[in-house]
Amino acid sequence: MIADLLISGPDVLRFEDEYDLLRRIGGGSGALSPYDWEGMYVAMIQRIHEHGC
């Protein structure tokens with residue numbers, strides 16, 4: 001269900017703090033992003049695989 005995909009704001013902030021996502025990630029030819037999206041996807045997929053949620 002779509003509600004299963006929602007993440008609350010406080011959970012997002014806690015995740016950003018825990019994984020230090022507010023620092024800029026260098027590399028690539030495009031503009032710098034303040035987020036490590038690939039790292040977030042890896043962590044999310046690993047958690048879903050291991051815990052089912």
Side-chain angles (χ1 to χ4, degrees):
M1 298 188 70
I2 193 70
D4 295 330
L5 299 176
L6 295 177
I7 302 172
S8 70
D11 286 341
V12 171
L13 294 175
R14 185 172 37 86
F15 181 87
E16 289 176 345
D17 288 341
E18 184 175 336
Y19 292 97
D20 195 23
L21 296 180
L22 297 179
R23 71 182 191 285
R24 291 209 172 258
I25 307 301
S29 60
L32 291 178
S33 171
Y35 299 103
D36 176 9
W37 292 112
E38 291 82 12
M40 188 265 318
Y41 289 133
V42 168
M44 182 176 63
I45 290 168
Q46 183 177 7
R47 177 174 174 77
I48 292 170
H49 174 74
E50 292 175 355
H51 302 285
C53 60

(request) Might you confirm whether atom CD1 of Ile7 has over 12 heavy atoms from other residues, nucleotides or ligands at distances under 6.0 Å? (result) no

(message) So that I can tick it off, tell me whether Asp11 and Arg14 are bridged by a salt bridge, with the cut-off set at under 4.0 angstrom between side-chain N and carboxylate O.
(response) yes

(message) Less than 4.5 Å apart, side chain to side chain, heavy atoms only: is that true for Phe15 and Met44?
(response) no

(request) Group every Ile, Leu, Val, Met, Phe, Trp and Tyr by side-chain heavy-atom contacts under 4.5 Å, then state whether Tyr19 and Ile48 land in the same group. (result) yes

